[in-house]
Amino acid sequence: MHGSHTTGSPYAPHTAEDRTAMLEAVDAETVEDLFDIPDDIKFDGQFDIDARTERETRRLVRSVLGRNDDRTELLGRGHYGYYIPSLVDHLADRSEFLTSYTQYQPEISQGYLQALFEYQSLLVELTGLEIANCSIYDAATALGEAATLADRVRDTTGHRVLVPELLREERKSTLENYVAGTDLVVETYPADDGNVDLAGLEAAVDEEVVMVYAETPTVRGTIEERLDAIGELAADADAFFVLGSDPIALSMLERPADVGADVVVGDASVLGLPTSYGMGLGLFATSEDYLRQVPGRLVGVSEDATDRRAFTLTLQTREQHIRRERATSNICTNQAWVALRTAIHAAVLGPSGMVEFAKRAVTRAEDLAERVDDIVGVQAPVHDRRHFREFVARVDQPASAVADDLEQLGFAVHVVGDHEIQLCVAGVPDAELDRFVAALEEVAR
Amino acid sequence: MSDDGADRDTTPAQSRYDQARYVENGEYEPLLSEKDLTRVDIGSGDDGDSGDGETTDSPLPDELTRDSLELPELSEPELARHYTRLSQMIYGIDSGPYPLGSCTMKYNPKFTEDVAALPSAAVHPDRSEESVQGTLELLYRLQDYLGRIGGMDAVTLQPPAGAAGEFVGIRVAAAYHEHNGEGHRNEVIVPESAHGTNFASAALGGYDVVSLPSDDEGRVDLEALEAALSENTAALMLTNPNTLGLFERDITEIAEMVHDVGGLLYYDGANLNALLGRARPGDMGFDVMHYNVHKTFATPHGGGGPGAGPVGVVDELAPFLPAPRVRERDADSKAGESVYERFDPEHTIGKVHGFDGNWLVLVKTFAYIARLGDGGLLDASASAVLNANYLAEGIDYEIPYGPFHHEFVASAGEQDAADVAKRMLDYGVHPPTTKWPEIVPEALMTEPTEIESKDTLDRLAAAFNAVADEDDDTLEAAPERTTARRIDQTSAARNPRLSWQALENDS
C-alpha cells in the first residue's frame, strides 16, 4: 500500500487512528499546534516538487542519468575505476554496516569498530607509519589536513608549504582553502620530466619551509625515483615530508616510512569504489610522534568488563565534539563506509593479489605506451620515466581534436596539453585497450 | 496484525534483546590478521631465499620497490563469514529504533542504493560536459531542489559532509567580507549549545570564536548577543530549532541585529528535518546554510559517513561559492532537451574537495526528495515533531525545556546519563545522545524521527522508563546483552593500540 501512496512520507508508518491517539496523548488538536513558528516566517509547504512512487522515481533517475554517454574511459589523474568484486557490494550493503551511526556506543558496534581497526592496520602495513585514521573525505582534503598538522607540530618559524608544480589544480586549491585560516602559504617547486626536480626543490627549501609535498605515482603517472632524497631535503630543513600515494601503488612501490615520510595522504578508494564521479576516501597515516595531533577518528583496543579484547573510538579529546575550537580538525562525519569497502576489497585481493594489481599497473601502462608509440602521429610516453597505471602521450594533431574524435568512437581520454593526451589503463579490459589502439590509429594521423 | 500493544509484557524477562556474540579461544571474533598473515616478498628476479613467504617478480628495479607486503590471504567464503559476523555485531536503523538526538537517524530507503549503483551513474569527473549531461542534469536539479527547500538562491553540492559545509560557509563569508574591504572582521559568534563542529569550523577558517550563552528559556539571549556583536563580527552560526529542539522565536530580530553590524547569519542544517515545508532558513533571514543530507534526506550514515553537506546562499554570496557549479545553458540541444554546463562563480573561493564531492550520496539525496515531493517532505516534519512529542509524553524523565519540535532533551536527574544509555542497549533500543547539550544536567537528547510507529515509540518509552526505575549498580553493570560488555575507555586512551601490528608488539 505504501508503495503507491503519494501524499504523506512513504516512510512514516502512522495510521490515521495512530495520529489521532497520539495527538490526544500530547493534548493537541492538530500537528500544526506542535510547531512554535512565528506567523510571519511560516512557509506554505509549496516547493512544487511532485511526489512519485518508488517505481516512478527509479524511472526518473534512470532517465536523467541515461543522458550520460557510455564511453570506455581511459581516465585517471586521481580517480580510478577498477572492477569491484561482488563480495564487496554484498557485504558492505548489509544494512547493519550501511545504516548504523558513528560508533559512540562501542558495546553495540563491535563489528564496525573491528572492520575500521583492520582498515587502519592495512594502512599501517602499506605505509610503514604507526598511525592511520578512519578516513578523511578524499586525497585533497587529506592533504589540507596534513598541512594544518604540520603547522601545529613543526617548531619552524616559517610558513611555506611546497607542492609540485605538476599537481591537480583542484588538489592545490583545496589545500589553499584549508590553510586560508593559518599563516601558511602554498608555493610550487619545479618538475623535471614529470618527477621532482631535486635541484629546483633544494633551491626552494629553506628554514621557512614547514612542509614538502610529493606524489608517487605523480599526476602524470610517473613513478618518483628519488623519494629518499626528497625526504632528506625536508628533514634537513626540519620540515614535514608529506607523500601522496594510494593503496595499490603502495603495495609495490617504496614504503613511505623507508623514505622518511612523516605523513602519507592519498585516495584509498582506488580499492573499494568503482568510478564515482570523483567521490573518494582520504587516506591519512602518520608517525606515532604526532598521535595526539592527528585529525579524525581513531579506533583503538581496550578490554570489556569480561576482560575480553574490545574495540572503541579513542583519543576523542582531539575531536571537535569535545575540544570544539581547539580540536585538531573540524571533521565529524567521514567516509567510514568507503573505508569498509576498501578493507573488504583489499582482503579479497590479499597481499599477492594487491602486489599483482600493482605489477599490472606498471606492465599494462608501459605496454600500452609502447603500442601507441608505434602509431604514426603519436609518441609515448612523453616522460622518460617508469609509469604506473597511466602516462602522457604526445600527439601531432591538436590534442583536443584527437580527444573529440576518440569520443565519437566511444573513448574518453584526458587532454593535458596542446598536443598531449593522458591515458590510463586502470579497470580497462585488454580487449577494450585493443579497440582503443585501433581507434587512436584511425584519428591520430 | 491486530495486536494493539496493550497486552504486551515489556518487562526485561519477556522483552529483551541479545546481540550476536562470537567467542573463540576466550576472545571475540578474531581479527583478519589472526586468521591469516601471508608475506609476499617483492624482488626483481633473483633475490634468493624468500623465507616462508611467496616471492613475486617485480617489473621495477629493487630501488623503486618495497621488500615485502604482509597481509591476510583468505578465501572468499572465509571473508564472507568474517564480515557477516562483524555486521551481526552492529546495531543499525534496520535493527531497531535509533533516537540519537541531532543525528536524525531515519530509515534509509533501499531503492536509493539501487539508483546510486546504476552503471550510468559511474562516470569519471574529467569527462567532457557533453558526454555527462545526465550527471550534470541531476546535479542541477538537486541544486534547484535544495534551493527551494532552504529558501536559498544558489547552492553548491561540493562539500562532502556537514562540517565541510560549515567550513565552506565560513570561507564564503570570509571572501565576501574581504571583497567588501572588511577583512578586519575576525570573530564568529557561536551559541554555547551549538554542535562542536561550528566552533571547529570557524577556528579552521582562522576566526576567533565568541561563545554565546543561552537565556533562561534555552534560546539565544538577545542582550548577550547585543554585547557580542561588533564591527568585528563576521558571522553568527545558529541552529534552528536549536539543540534543545526549541525554535528561536526571535530569529527575525536576531537576523536584523547581525545584519545591522554588517555580519552574516549562518544556518546549521542539522535540525532542518523539523521544519521541512513549514519554515525556510532563507525566509528567516539566514544568508548561508548547509544541509545535512544524511540526516534530513535519509541517505545512510554508513557507520560514520559518507554524508554530504551542500551549502545554500543568498544572491549576494553566490559569486563566492566553490567551483564549479552547474547551470542550464541558454540554448537547448537539437532534441529540445536542456543542456547543462559547469561554471566557476565570479569570485569563487576555489575547491574544497578534489572533485565534486560525494556523488553517490547526492544521487541518493535526489532520489529521496523526488520520491517524497511536497507532501512527503511536509509529512516528514509533521510526523517527526509528533513522534518527539508523543515519546516525550510517555517517558518518566524530566524534560526541562519546551515547546520542542523534532527532538527533546530529557534529564537523567540523579542517574548518570552515560550509564542510562548503556543500560538502554540491553532493552534492544539505541540510546539517545548523552551529556549534551550541557545546559541540561545529565542530558538525554532524543530524536525519534518520523519513521517510528506509535507502537515502537511505546516500546521505546518502556525502555526509558524501565531504566529510570533501576538502581545505580544495575546501570553501572550494563550493558549485559550486547556483544561486548562495558568497555574501558581510559585504558584505550592511556595505552593506544591502533593496529594489529601494535598488538603484536604489545604481546
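Remember, predicted model here, so these are calculated numbers, not experimental data. In what follows, every chain begins at residue 1, and chains take the letters A, B, ... in the order their sequences are listed.
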Chain B contact via [X] - which portion, at a heavy-atom distance below 4.5 Å:
X	answer
A:Thr148	side chain
A:Ala25	both
A:Leu60	side chain
A:Val362	side chain
A:Leu253	both
A:Gln46	both
A:Arg386	side chain
A:Leu340	side chain
A:Arg62	both
A:Thr314	side chain
A:Pro274	neither
A:Glu407	side chain
A:Leu123	neither
A:Thr312	side chain

For side-chain contact (heavy atoms from CB on, under 4.5 Å), just list the numbers for B:Arg66 and A:Asp258, CA-CA rounded to whole Å, side-chain angles, deciding distance to a tenth of an Å, and then say yes or no. CA-CA 9 Å; B:Arg66 59 191 295 146; A:Asp258 297 336; 5.6 Å; no

Count the heavy-atom pairs under 4.5 Å between each of [options] and chain B, then report the option with the highest count.
options	value
A:Gln105, A:Gln120, A:His321, A:Gln103	A:Gln105
A:Ile344, A:Thr141, A:Leu291	A:Ile344
A:Ser302, A:Ala336, A:Ser121	A:Ser121
A:Ala412, A:Ala305, A:Ala140	A:Ala305
A:Glu225, A:Glu118, A:Glu176	A:Glu118
A:Val31, A:Asp40, A:Asp48	A:Asp48

Under 4.5 Å from any heavy atom of chain A, what part of [X] do you find: side chain, backbone, both or neither?
X	answer
B:Pro72	backbone
B:Ile369	both
B:Tyr91	both
B:Ala164	both
B:Arg85	neither
B:Phe366	side chain
B:Ile349	both
B:Arg171	side chain
B:Glu450	both
B:Ala80	both
B:Glu452	backbone
B:Met105	side chain
B:Asp488	both
B:Glu27	both

Ring centroids only, cut at 6.0 angstrom: are [X] and [Y] within range, meaning strictly under it?
X	Y	answer
A:Phe97	A:Tyr112	yes
A:His79	B:Phe355	yes
B:His124	A:Tyr277	no
A:Tyr178	B:Phe167	yes

So which of [options] has the biggest tally of heavy-atom pairs under 4.5 Å with chain A?
options	answer
B:Val363, B:Val209, B:Thr252, B:Leu74	B:Val209
B:Val23, B:Leu79, B:Asp356	B:Leu79
B:Ala200, B:Pro403, B:Gly394, B:Gly206	B:Ala200

Would you say the side-chain atoms of [X] pair up with the backbone N or O of [Y], donor to acceptor, closer than 3.5 Å?
X	Y	result
B:Asn358	A:Met279	no
A:Arg297	A:Cys332	yes
B:Arg280	B:Arg278	no
A:Ser135	A:Gln335	yes
A:Thr102	A:Tyr104	no
B:Trp359	B:Ala121	yes
B:Arg485	B:Pro479	yes

Atom CG of A:Asp70 with >12 non-hydrogen neighbours under 6.0 angstrom: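 Open: at most 12 neighbouring heavy atoms sit under 6.0 Å from CG of A:Asp70.
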
Would you compute the distance between atom CG of B:Leu275 and atom CD1 of A:Ile37 and round it to the nearest 0.5 angstrom?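 Interatomic distance, B:Leu275 CG to A:Ile37 CD1, rounded to 0.5 Å: 5.0 Å.
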
Within the 3.5 Å criterion, strictly below it, is a donor on B:Glu70 or B:Thr38 matched to an acceptor on the partner's side chain?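 Per modelled atom types, B:Glu70 and B:Thr38 side chains form no pair under 3.5 Å.
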
Within 45° cone and under 6.0 Å: B:Arg148 NZ/CZ vs A:Phe47 ring: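 Not satisfied by the 6.0 Å and 45° rule.
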
Any salt bridge linking B:Arg127 with A:Glu73? Criterion: basic side-chain nitrogen under 4.0 Å from a carboxylate oxygen.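 Yes, charged N to carboxylate O under 4.0 Å.
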
What is the minimum heavy-atom distance between B:Ala380 and B:Lys106, and which atoms define it?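 Scanning both residues completely, I find the closest heavy atoms to be CB-NZ, 4.2 Å.
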
Closest non-hydrogen atom pair between A:Asn68 and B:Gly134, with its separation: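 Heavy atoms of A:Asn68 and B:Gly134 come nearest at OD1-N, 2.9 Å.
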
Going through the checks in order, is the side-chain contact (heavy atoms from CB on, under 4.5 Å) test met by B:Arg371 and A:Tyr11? CA-CA 10 Å; B:Arg371 171 89 171 94; A:Tyr11 311 111; 3.2 Å; yes

From CA spacing to verdict: side chain to side chain donor-acceptor pair (under 3.5 Å), B:Thr482, B:Gln19: CA-CA 5 Å; B:Thr482 47; B:Gln19 194 178 22; 5.0 Å; no

